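First comes the structure, then the notes that go with it.
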Amino acid sequence: GGVAYLRRFRDFLGRVLVFLFRRNVVAHFGLPQRSGRILRGNIGDPYLFIKMERMVDAVLGRRNWVSYNCTKGLSGADLFLINHFARFVLVGGHGLIMKHDETARAGWLFNIPVCTLREIRVPMVFASIGYNSFRGETPFGAAFRESISCCIERSVFFGLRNEGSIRSLMPYVDAEALRKKVMLQPCPTTMAGCSAPQSREPQRGAVAICLAFDRFSNRFPSGFDGLQSQLLQYASAVRELARTVSFVVHAPCDLDNEFCA
């Protein structure tokens, strides 16, 4: 409708102004927070998006960032802006290696077709990306295999956030030269404490154990009862080291699950 069109035009105009009048601009593709709302009630992805930018700022100096939702593709106008005004493209973090209804063009959440990827002329950095497919799910198809190989080929750095993601991705990457480019790059939330001032005194802080109940049958194919008792044992052990221990969920929709009652 008209409101959606005006919102898209406003967002595009904002990107144009940053590209034209700011220096050291970086185009960041991921799952950003939009219009003051938390993405689907999930605080993790918007927070991770911001932490990724702060991590780059800490290494390279402060950048000016232009945000793109990676599931929405890339228009010709934005491709022009990136090629002429961006220093580089950053993709990540998030568990982007995941099937999605809107990913027919690429086969994963970085939803840009190969023909467009090959037109991007600035350096591309893929950092702290996670493999987000569960055991037993249908394998990724040909579109993903072509897309991920093109991304690795085009990248100046391609980092996955854990060893499990690297092992899971390798069967989709045929060329040995491309396989050697895939590196371990931990999630910025894992490294968040590295840049914080460290106290020499032992701390007994609060510990939150985060649970996710979306895609329940994929996460817990054997049921949750056995895991529930293990989590309670783990929480009991952690209480010896922490001031408080709490269970939290990753999104409001999780509260509808019977195990949160």
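Computed from a predicted structure; not experimentally measured.
- Qualifying salt bridge (charged side-chain N to carboxylate O under 4.0 Å, His left out) partners for Asp256, counting only residues two or more places apart in sequence or in other chains: none.
- One hydrophobic cluster holds both Phe21 and Val16 under the rule that ILVMFWY side chains link at heavy-atom gaps under 4.5 Å.
- In Arg219, the CZ atom is crowded: over 12 heavy atoms of neighbouring residues, nucleotides or ligands sit closer than 6.0 Å.
- In this view, Ser128 satisfies the side chain to side chain donor-acceptor pair (under 3.5 Å) rule with no residue, not counting sequence neighbours.
- Residues Ile97 and Phe140 come closest through the heavy atom pair O-CZ, 3.7 Å.
- Within 6.0 Å of CE in Met170 there are more than 12 heavy atoms belonging to other residues, nucleotides or ligands.
- Side-chain heavy atoms closer than 4.5 Å link hydrophobic residues (I, L, V, M, F, W, Y) into clusters, and following such links, possibly through other members, connects Leu109 to Phe126.
- Distance alone, capped at 3.5 Å, is enough to place a donor-acceptor pair between the Asn111 side chain and the Thr71 backbone.
- Between Thr244 and Ala206, the shortest heavy-atom contact is OG1-CB, 3.3 Å.
- Using a 4.0 Å cut-off between charged side-chain N and carboxylate O, Arg8 and Asp11 make no salt bridge.
- Remark: Ser168 OG to Glu163 CD distance equals 11.0 Å, nearest 0.5 Å.
- When side chains are defined from C-beta on, Ile82 counts as touching Tyr68, because their heavy atoms get closer than 4.5 Å.
- Scanning all heavy atoms of the two residues, the minimum distance from Gly92 to His28 falls at O-NE2, 2.5 Å.
- Nearest heavy-atom pair across Gly107 and Ala143 is N-CB, 4.3 Å.
- The aromatic rings of Phe213 and Phe220 sit tilted relative to each other, their planes meeting at an angle between 30° and 60°.
- Between Ile148 and Phe158 the shortest side-chain heavy-atom distance falls below 4.5 Å.
- Cluster membership check: Val114 does not share its hydrophobic cluster with Met124, using side-chain heavy-atom separations under 4.5 Å among Ile, Leu, Val, Met, Phe, Trp and Tyr.
- Between the side chain of Ser149 and the backbone N or O of Arg145, at least one donor-acceptor pair lies under 3.5 Å.
- Looking at Ile120 and Asn83, their side chains come closer than 4.5 Å, going by heavy atoms from C-beta outward.
- With sequence neighbours left out, the salt bridge (charged side-chain N to carboxylate O under 4.0 Å, His left out) criterion links Glu137 to no other residue.
- Following chains of ILVMFWY side-chain contacts shorter than 4.5 Å, one can reach Val245 starting from Val249, so the two form part of one hydrophobic cluster.
- Val156 and Val56 fall within the same hydrophobic cluster, defined by Ile, Leu, Val, Met, Phe, Trp and Tyr side-chain heavy atoms under 4.5 Å apart, directly or through other members.
- Side-chain atoms of Arg63 and Arg22, non-hydrogen and from C-beta on, never get closer than 4.5 Å to each other.
- Summarising the geometry, atom CZ belonging to Arg154 is positioned 13.0 Å from atom CD1 belonging to Ile152; distances are rounded to the nearest 0.5 Å.
- With ring centers used as reference points, Phe19 lies 6.0 Å or more from Phe80.
- Taking OH of Tyr47 as the reference point, atom CE of Met52 lies at 12.0 Å (rounded to 0.5 Å).
- When all heavy atoms of Cys151 and Trp108 are compared, the pair lying nearest together is SG-CZ2, 3.8 Å.
- A salt bridge (charged side-chain N to carboxylate O under 4.0 Å, His left out) check over residues 74-98, counting only residues at least two apart or in different chains, returns the pairs Arg15-Asp78.
- Scanning both residues, Leu48 and His94, for their nearest heavy atoms gives CD2-N, 3.1 Å.
- A 4.5 Å side-chain heavy-atom check between Pro139 and Phe144 finds every atom pair outside the cut-off.
- Counting non-hydrogen atoms of neighbouring residues, nucleotides and ligands closer than 6.0 angstrom, the CZ atom of Arg62 reaches no more than 12 such neighbours.
- Two residues are said to be in side-chain contact when any heavy atoms from C-beta on lie closer than 4.5 Å; Val66 and Leu81 fail this criterion.
- Between Leu160 atom CG and Tyr131 atom OH the span is 11.0 Å, to the nearest 0.5 Å.
- Residues passing the salt bridge (charged side-chain N to carboxylate O under 4.0 Å, His left out) test with Arg167, sequence neighbours excluded: none.
- For Phe12, the CZ atom counts as densely surrounded, since its 6.0 Å shell holds more than 12 non-hydrogen atoms of other residues, nucleotides or ligands.
- For Arg121, there are no salt bridge (charged side-chain N to carboxylate O under 4.0 Å, His left out) partners two or more places apart in sequence or in a different chain.
- At least one donor-acceptor pair closer than 3.5 Å links the side chain of Asn64 to the backbone N or O of Arg23.
- Note that CG of Asp57 is 6.0 Å distant from CH2 of Trp65, once rounded to the nearest 0.5 Å.
- Between Phe49 and Leu31, every side-chain heavy-atom pair lies at or beyond the 4.5 Å cut-off.
- By the 4.5 Å heavy-atom criterion applied to side chains, Leu96 and Asn132 are not counted as neighbours.
- Rounded to the nearest 0.5 angstrom, Met55 CE and Lys51 NZ are separated by 9.5 Å.
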